[in-house]
Structure formats: C-alpha cells, structure tokens
Amino acid sequence: MTFDTVIHSGTVVTADGQFKGDIGITGGRIAAVSEVISGGKTRVDAGGRLVMPGGIEAHAHIAQESSSGVMTADDYLSGSISAAFGGNSSFIPFAAQQRGQSVDDVIATYDARGARSVLDYSYHLIISDPTPDVLNDQLPRAFKRGITSFKVFMTYDLMNLGDGGMLDILSVARDHGAITMVHAENNDMVKWMNKRLAAKGLTAPRYHAISRPQLAEEEAINRAIQLAKLVDAALFIVHVSTEGGADIVRREKFNGAKLFAETCPQYLALTRDDLDRPGMEGAKYICSPPLRGHDTQDALWHHIAHGTFESVSSDHAPYRFDDTGKFINGSDIPYPKIANGMPGIATRLPYLFSEGVVKGRITPEQFVALSATNAAKTFGCTTKGRIAPGMDADIAIWNPEAKRVVQLQDQHDNMDYSPMEGMELVGVPEVVMNRGRTIVSHGELMATEGQGQFFARAPVDLRGRSGFTAPEFDPAQNFGSDLR
Ligand code: DUC
Ligand code: ZN
Ligand code: ZN
C-alpha cells in the first residue's frame, strides 16, 4: 500500500489507550494504523511526541452577532487559524438566528461566513424565535442538512424561550434525533439581582459575578433537565460553572437521562477576583455564567476526572477591549452593558493538557475524550475525533514537554488581550492536520483561506443513555393515550 503521508515513531493516544505506532494517510483519510509502516511520500517523525486526534472545538462564537448586535472580533479565517494553533483540526461554532429571521436565511448567512475557514467546520444553530414554521419545517430541514444540534437560552430577555417554548423545541429535537444545547441560568433571579445592585449603585465589573448567582445556574440546570426528561429528549448543558450544577448533571446522567455537558477552562483557571482588577480591566473577565471561586475550580476538576463532562470547550466569545467589543456601549459603563464573553480557542487544549495531563488530574486518554472523541459522538461527527482506519486524518502531534508562556501574539486571533496572558503551560501542539493536510507546523501556518469544508453531522449518539418515560407519557399508565 502506498501512502501520501506516514506519521511514524510516535505514541498514538486514543480515548481507549495508547501504543507506539505509525499512521498511514491516503486521500485525507487514515488508511492504516500499525506498529511500523514504511514508505509514504512524506514521512513525519513523531519521535518523543504524542499523536492524538486533532481537537474538535464544539463551543465557539465566530463571525456571530450577539443578541444585542455586537459582532465577534474573529471571523472564520482568524477563528479557524487560532483554533488550529491551539491543537484543533475542526470546529463547530454557532449560527445565530435573530428574531424574525428564518433558519434557512441563518444557514445561508453562515455558509458565506464559513467559506473562509482553514479548518473543517459545522454549526450549531442558536434559536431565539421558534415560530411554528421554524419548529415544523425549518429546523427539520436543517437537521436533514446535517445540522443536528442547536442552542437555546433560559436567560436574557431577547433570547429566553420560557419553559413552554423549551418543551416545544425539545420535542421537535427528539423526533429528529437532534440535540438541544442550553444556556441554563434563571432569568428572573438575574434580573432581580441586577435591579438590586443598580439601586445601590453597584455597577463595577466585579458585580457581574454577584448578579448571576450560582443558584441561578443550579436551578435552571435542574429545570432544563426535568423539561428534557418529560419529553425524553437529548440535552447538552453548555458552560457549566458551578459545583451544584455539575452535581445535578452527574446524578441525572448516571440515572439514565439523555444528558451531556461541558465546562470551560475559564472556570478552572480564573476566578471572580479577576473581575475585581483595577479600573475597567475586570471587563476582560466578564462572561456568562460568570467566573466563580477557587473551591468551584477544585470541584469542576473532580467532575472532569470522574466523567461528569463529555467535553471541555472554550466558549470562545471574542470581544476586544475597545469600542468595537467590550465597550461598544461606552467606556465607563455599568457591567450589564459590557459585551459578554472572552477568547480562548487557542488556549483551551494547551491549558487542559498542562493543568490536566501534566499535573496528573486526567490521563492522556481522558484528554483525547474531552478534547475530541466525545464531541464527535455527541454531535454526530462520524468521520472525526478518532484515530482509526477510515477516519479523516485530523491529527495533532503534541510535544508533551515543551514549555510556553501564554502571549497574545501566539493566539493568532483578532483579539487585543488573552485572559490567560502570562500563564506557563507545558505541552505544545507542534503539528496540526485537517484531512491529512498540515495546517500548522512548528509555529508556522501552512494553510490557505477557505480550504476547510463544511461537514454534515449525524443524529446524536444515545448509546448508553436509556432515557426516561414520564408516567404521563406512558400509554399503559395514561389511559391509553399517545401523547408524543
Ligand atoms: N453564552 C455563551 O455561550 N457565550 C457568550 C455569552 C453567553 O451568554
Ligand atoms: Zn451561553
Ligand atoms: Zn458560548
């Protein structure tokens, strides 16, 4: 057999184990994995390196307007380049519906934006306006096109669907094998806190953390799960930031709910004290849900190590520290008017590797599961996230010992700050491939604009999740009615 590329002499790590071996690549796919493979038009020496599936970044905001109309600093070109420098071979940003907009129009808009990507990409929809036509025609059409996941919000007045709206959309998703992602924070609790803080003149960035209580997340996570259980729908809780929220996810998941979840590096690396930096510096650390305390960091690491979360995602939401981003509403403004989110697509995996694998909190196999393999399963990326014959050659070769201090210029995004600036991290993704093409090699970008491809996704993989039949939906217990 002849190969386009052979990666040799490395330690191949998968979600299930690791072994010394070589990988043969032909036509963009992995053609062989074996102890020794000779030949290959190009031979890549991975001696002393870990050869892993390239990351799948499953939570990023790229070329996306927020609900209040603020455009992210990164488009699909800069966002995908930054992702690649961070060890990712593909990504799934959000395609956001504005109120009144059709899903078809949303997809057409993001198809034009996505065309600049250097990495393969798909989208999760964000649904803010679930009209009957959206529910009955437009979403099913999107699912058929391979966009099998979408996010909804339980907070923000412009986005919050309410419990009835959630049930409608969860039922549609269940009927089509799609997965609903949810931003779970109790809207009224947050609004009530905002009012109280404003009345007392407490509007500095540090009060952002106070305005979005941990209980607001815990309550909403629990409510979202019960809503999803009522209709036996698959649910993905995004950006879990609290110990209580993670505890609920764990309990419900291991009782069989069709439940999935992620947390993000910012909740592990930063705390609400960062919001209290001098002047308006704290604005850099405003994200929702907000940063919490040191005890939360320990609890979330415990949950990561023990399988509560499928993924650690970046929630890359890049708003610059200027009047195009954080301060689009003015420079000396109360925290609710500051753009909400922080960058992190390039640091997600280096942080998780350094603080997770190098510090012994997780194994290299868990790193692979959390960075790629589980996202592929959850979001139906059938040809990605694994090193096995037939899969896309989406591969990252890591030097597990190289040290690097996080610096803005190494992020390759369009941002003017990095929240992790100055952190020393161990482990560097030296080579990143997407479908066999080298995208990044030893700090050099090797890709050209637009070489990434959209990939269609399959329905959520629910193996191992028995689900739940509410007695009221069981014909045997509800006088024979079929309520589905
Ligand atoms: N939710 C996100 O996922 N990212 C940015 C802000 C938000 O509310
Ligand atoms: Zn969110
Ligand atoms: Zn997000």
Side-chain angles (χ1 to χ4, degrees), residues 3-26 29-56 83-89 312 346-373 384-389 391-407 410-412 420 423-447:
F3 300 102
D4 297 335
T5 306
V6 171
I7 302 171
H8 66 94
S9 313
T11 300
V12 178
V13 186
T14 73
D16 303 317
Q18 47 179 293
F19 51 91
K20 292 252 183 251
D22 298 352
I23 299 172
I25 298 168
T26 297
R29 298 225 162 177
I30 297 172
V33 181
S34 139
E35 228 170 274
V36 179
I37 300 179
S38 54
K41 287 179 210 146
T42 306
R43 289 186 64 81
V44 179
D45 184 357
R49 305 294 189 261
L50 302 179
V51 183
M52 303 194 273
I56 300 174
F85 275 98
N88 296 287
S89 290
V312 174
T347 46
R348 167 183 83 118
L349 297 181
Y351 176 82
L352 184 65
F353 189 89
S354 186
E355 288 295 308
V357 177
V358 176
K359 295 222 168 135
R361 291 174 167 123
I362 57 173
T363 63
E365 290 84 350
Q366 285 177 301
F367 174 83
V368 169
L370 290 160
S371 62
T373 308
K384 297 191 177 294
R386 288 192 297 128
I387 291 183
M391 301 298 287
D392 286 352
D394 286 4
I395 292 170
I397 303 175
W398 283 68
N399 180 337
E401 284 163 9
K403 288 195 176 113
R404 210 166 51 178
V405 174
V406 175
Q407 286 180 306
D410 297 333
Q411 310 308 300
H412 303 274
M420 294 201 184
M423 268 183 211
E424 185 176 274
L425 300 179
V426 181
V428 171
E430 290 177 336
V431 176
V432 176
M433 293 181 181
N434 173 212
R435 275 183 293 109
R437 296 158 315 169
T438 300
I439 307 294
V440 165
S441 177
H442 302 272
E444 293 288 319
L445 180 67
M446 313 296 284

Q) Looking at CG of L370 and CZ of R348, how far apart are the two atoms once the value is rounded to the nearest 0.5 Å? A) 9.0 Å
Q: Could you pull out all residues at least two apart from E401 that satisfy side-chain hydrogen bond (donor to acceptor under 3.5 Å, both in side chains)?
A: none
**Q.** Step-by-step side-chain contact (heavy atoms from CB on, under 4.5 Å) determination, E365 to V368
**A.** CA-CA 5 Å; E365 290 84 350; V368 169; 5.7 Å; no
**Q.** Smallest separation among heavy atoms of W398 and P350, with atom names
**A.** CH2-N, 3.7 Å
**Q.** L445 and F85, any side-chain heavy atoms less than 4.5 Å apart
**A.** yes
(Q) To check you understand the geometry: which heavy-atom pair defines the closest contact between S354 and E424, and what is its length? (A) OG-O, 4.3 Å
Q) Once you round to the nearest 0.5 Å, how far does CG of L352 lie from CD of Q366? A) 9.5 Å
(Q) Before you tell me yes or no, could you show the steps for F19 and V33 under side-chain contact (heavy atoms from CB on, under 4.5 Å), namely the whole-Å CA-CA distance, both residues' side-chain angles and the distance that decides it to 0.1 Å? (A) CA-CA 10 Å; F19 51 91; V33 181; 3.8 Å; yes
Q) Mind checking what makes salt bridge (Lys or Arg N to Asp or Glu O under 4.0 Å) contact with R361, not counting sequence neighbours? A) E355
Q.
Heavy-atom count check: over 12 atoms from other residues, nucleotides or ligands less than 6.0 Å from R386 CZ?
A. no
(Q) Please find the pair of heavy atoms, one from V428 and one from R404, that lie closest to each other, and give the distance. (A) CG1-NH1, 3.6 Å
Q) Which heavy-atom pair separates V357 from F367 by the least distance, and what is that distance? A) CG2-CB, 3.6 Å
(Q) So does V440 get a backbone contact from the side chain of E444, meaning a donor-acceptor N/O pair under 3.5 Å? (A) no
(Q) Testing D394, I25, D392, I439 one by one against M433 for a side-chain contact (heavy atoms from CB on, under 4.5 Å), which residue passes? (A) I25
Q: Flag the pair V312 / Y351 as yes when at least one side-chain heavy-atom distance between them is below 4.5 Å, and no otherwise.
A: no
Q: Locate the shortest heavy-atom distance separating G48 from P400; write the atom from each residue and the value.
A: O-CD, 3.5 Å
Q: Using atom types as modelled and distance alone, determine if a side-chain donor or acceptor of T373 lies under 3.5 Å from a backbone N or O of G385.
A: yes
(Q) Can you tell me how far apart CD1 (I397) and CE (M52) are? Round to the nearest 0.5 Å. (A) 10.5 Å
(Q) Is it the case that the side chain of N399 and the backbone of R49 share a donor-acceptor pair, with hydrogens and angles ignored and the cut-off at 3.5 Å? (A) no
Q: Any pair with a residue in residues 33-43 that passes side chain to side chain donor-acceptor pair (under 3.5 Å), sequence neighbours left out, goes on the list, sorted by first then second residue, please.
A: D4-K41
Q | Option among T11, V44, V431, I395 that satisfies the side-chain contact (heavy atoms from CB on, under 4.5 Å) test with V51 | A | I395
Q: List the atom of L349, the atom of S371, and the distance in Å for their closest heavy-atom pair.
A: CD2-CB, 3.3 Å
Q) Taking C-beta and beyond as the side chain, do T347 and Q411 meet within less than 4.5 Å on heavy atoms? A) yes
